[in-house]
Undergrad: 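A single structure is presented below for examination.
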Amino acid sequence: MKQTRSKIAFTPESQESLSMTGKPVLHYLNGRGRMESIRWLLAAAGVEFEEKLFENREEFEKLIQGGTLMYGQVPMVEMDGMNLVQTRAILRYIAAKYGLYGRNLEEQAWIDMYVEGLRDLSDMIMFLPLSLPEEKEMNHDYVLHRAMTRFFPVYEKALRDNKQHYLVGNRLSWADVQLLEVILMAEECKASVLSGFPHLQDFKVRTSQIPTINRFLQPGSQRKPPLDAESLGIAKDIFKFEQGMFLKNMSTVVAEY
Amino acid sequence: MAGKPVLHYWNARGRMECIRWLLAAAGVEFEEKFIEVPADIEKLIKDGSLMFQQAPMVEIDGMKLVQCRAILNYIATKYNLYGKDAKERALIDMYTEGILDLTEMMLQVVISLPDQREAKISLLKEKTKNRYLPAYEKVLKSHGQDYLVGNRLTRVDIHLLEVLLYVEELDSSLLAPFPLLKALKSRISSLPNVMKFLQAGSQRNSPINAKQIEEARKIFKF
């Protein structure tokens, strides 16, 4: 896989260049949440990163008081002299910097459409653990139904039609990395979710073998495990979100047809 | 590259309005094909025009673009409203995403069930006052420039103007403590393309009324 790196100007008087030699620092809790896609993308790009993970509400509030969070929210990534917030802003910056955002405007548009669809699906999966007990099964079925009828067919078709190993431009992009991430998330919900999607199955195997990605999939990498009851409790304590917010606040519900 | 962009959506603001704003600000003429009955969107889906079976969709440069952000990114890049380099783009994205979060909260109020409305409006006002408006006021204060990023007009100035107008519709007193935002609102409103869009008879859409919400609720079951 070809990687492009931005050129760093080394002038002694430039403070910025000093911070540019440091690794990105990820600020989040010790879990997947909205930071996981960022970990995936950095890992796929072969970029080493550090993490400052907070364990409780007090530590999160300390970070907020430090003034580095534009909206008082995480994810936040310190990178190239900036305190970047907002998941998509961070992902876009990384994708562009490491040559994973297509080679022209049209490819960028395709990548954007693909990753936005994947974001809709992964948000739904991410919020599943927040279901009220009586809605759990219904939500689970709903999300899987969506995955298999609305989202996966799109990516299956793209791979089938372009006859390439990658979604866009015949080379690895942000869209491929995020697709693999979401496939694995969906499989955690239902192991057989890819049955009926032979191209996605192929894609999963091939993409998992890309060296940087393969490394990230090994135990001991910075990849985070799925939420369990304990980590869900910690997340709720830190972020103070309510149960039952699933589907009531999902933007994909708007104008559903 | 021939032909105007064609916007496919309902005759409402919803998720298309920010796209109308950006095209208008860029001085790009566009057409609209309104979805009026379920059969209209069924046809688009059947034709394979909607990648994820959802609108908005914009036909532009031989593509059928879906997903709000994908469409906005394309337009902003094409019409040079996305900053001059990666760092400016990062700032524009950070600011834009916050504005989109705020707009999303407003949309949630519009479609909320009557018994949740009050609580959602409270939350919306609180976030507007304590999280979002201060963040953008602070940006303007930090550099003292007329635009949010790079000392020239970019997409995020347009997105911000749009949401400030919605804040005003919600409760005009919310803007009172933010002099720099008020000044930006005035300035951007006076730009020729924007002024044109703000006038009656433009393609700017109006706030949804209760009757339209009820009809939409029946069709989309929310």
Side-chain angles (χ1 to χ4, degrees), chain A residues 6 16 64 67 69-73 76-77 79-97 101-102 104-106 108-121 146 149-151 153-155 157-158 245 247-257, chain B residues 9-10 14-15 35 38 41-42 45 48 50-56 60-74 77-78 86-87 89-98 100-102 104-105 107-108 110-113 116 127 130-132 135 138-139 216 219-222:
Chain A
S6 64
E16 236 180 54
I64 295 174
L69 307 181
M70 182 173 177
Y71 306 105
Q73 292 171 315
M76 188 271 276
V77 175
M79 187 170 179
D80 298 343
M82 298 180 288
N83 295 320
L84 289 178
V85 297
Q86 290 286 349
T87 311
R88 288 168 171 95
I90 298 165
L91 287 167
R92 228 171 265 147
Y93 183 78
I94 295 166
K97 181 172 179 178
Y101 210 172
N104 54 48
L105 180 53
E106 190 178 332
Q108 177 194 291
W110 282 100
I111 290 168
D112 276 343
M113 287 197 281
Y114 288 146
V115 300
E116 285 299 308
L118 289 167
R119 175 63 45 196
D120 282 349
L121 177 56
R146 274 276 180 259
T149 58
R150 177 167 289 195
F151 293 100
V154 172
Y155 303 96
K157 180 177 192 293
M245 65 179 281
L247 279 190
K248 297 203 170 81
N249 291 339
M250 291 317 296
S251 57
T252 46
V253 175
V254 180
E256 273 306 293
Y257 190 78
Chain B
Y9 200 65
W10 294 268
R15 295 185 190 292
I35 295 164
I41 194 165
E42 277 168 40
I45 293 173
L50 305 182
M51 184 184 274
F52 301 107
Q53 301 163 44
Q54 292 170 317
I60 186 169
D61 298 338
M63 293 182 293
K64 296 192 161 122
L65 293 182
V66 296
Q67 293 286 351
C68 227
R69 287 163 171 91
I71 298 166
L72 289 171
N73 289 353
Y74 186 85
T77 307
K78 182 175 177 177
K87 288 219 168 169
R89 271 200 308 274
L91 293 177
I92 288 169
D93 280 343
M94 272 204 295
Y95 305 162
T96 298
E97 288 296 319
L100 290 175
D101 281 350
L102 181 55
E104 181 62 30
M105 252 186 258
L107 197 55
Q108 292 299 322
V110 167
I111 65 167
S112 64
L113 294 166
Q116 289 169 4
K127 293 290 180 219
N130 298 326
R131 170 177 287 174
Y132 293 104
K138 187 174 171 196
V139 170
I219 298 176
F220 302 108
K221 304 180 181 25
F222 56 80

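So you know, we letter chains A, B, ... as the sequences are listed, proteins then strands, and number each from 1.
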Undergrad: Of the non-hydrogen atoms in A:A109 and B:A70, which two are nearest, and what is the gap between them?
TA: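 Closest approach of A:A109 to B:A70: O-CB, 4.4 Å.
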Undergrad: Hey, could you give me the CE/OH distance between B:M51 and A:Y155, rounded to the nearest 0.5 Å?
TA: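 Spacing of CE (B:M51) from OH (A:Y155) equals 7.0 Å.
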Undergrad: B:N130 versus chain A, heavy atoms under 4.5 Å apart: side chain, backbone, both or neither?
TA: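 For B:N130, no heavy atom lies under 4.5 Å from chain A.
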Undergrad: At what distance, to the nearest 0.5 angstrom, does CH2 of A:W110 lie from OH of B:Y74?
TA: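 Going from the CH2 atom of A:W110 to the OH atom of B:Y74 covers 11.5 Å.
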Undergrad: For a 4.5 angstrom cut-off between non-hydrogen side-chain atoms, does A:Q86 reach B:T96?
TA: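 No, their side chains stay 4.5 Å or more apart.
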Undergrad: Show, in sequence, the C-alpha distance, side-chain angles and deciding distance for A:D120 and B:Q54, and conclude whether the side-chain contact (heavy atoms from CB on, under 4.5 Å) test is met.
TA: CA-CA 12 Å; A:D120 282 349; B:Q54 292 170 317; 4.2 Å; yes
Undergrad: Taking the side chain as every heavy atom from C-beta outward, state whether A:R92 and B:R89 have any atom pair closer than 4.5 Å.
TA: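 A:R92 does not reach B:R89 side chain to side chain.
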Undergrad: To the nearest 0.5 Å, what is the distance between OG1 (A:T87) and CG (B:D93)?
TA: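 Reported to 0.5 Å precision, the distance equals 12.0 Å.
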Undergrad: Do the side chains of A:M70 and B:E97 get nearer than 4.5 Å, heavy atoms only?
TA: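 A side-chain contact is absent here, since even the closest heavy-atom pair is not under 4.5 Å.
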Undergrad: Look up atom CD in A:Q108 and atom OG1 in B:T77, then write down how far apart they are to the nearest 0.5 Å.
TA: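 Output value for this atom pair is 4.5 Å.
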Undergrad: If you measure from CE on B:M63 to CD on A:E106, what distance do you get to the nearest 0.5 Å?
TA: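 Here the interatomic distance stands at 5.0 Å.
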Undergrad: Quick one: pull up CG in B:L72 and CG in A:D112 and give me the separation to the nearest 0.5 Å.
TA: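 Rounded to the nearest 0.5 Å, the CG-CG separation comes out at 10.0 Å.
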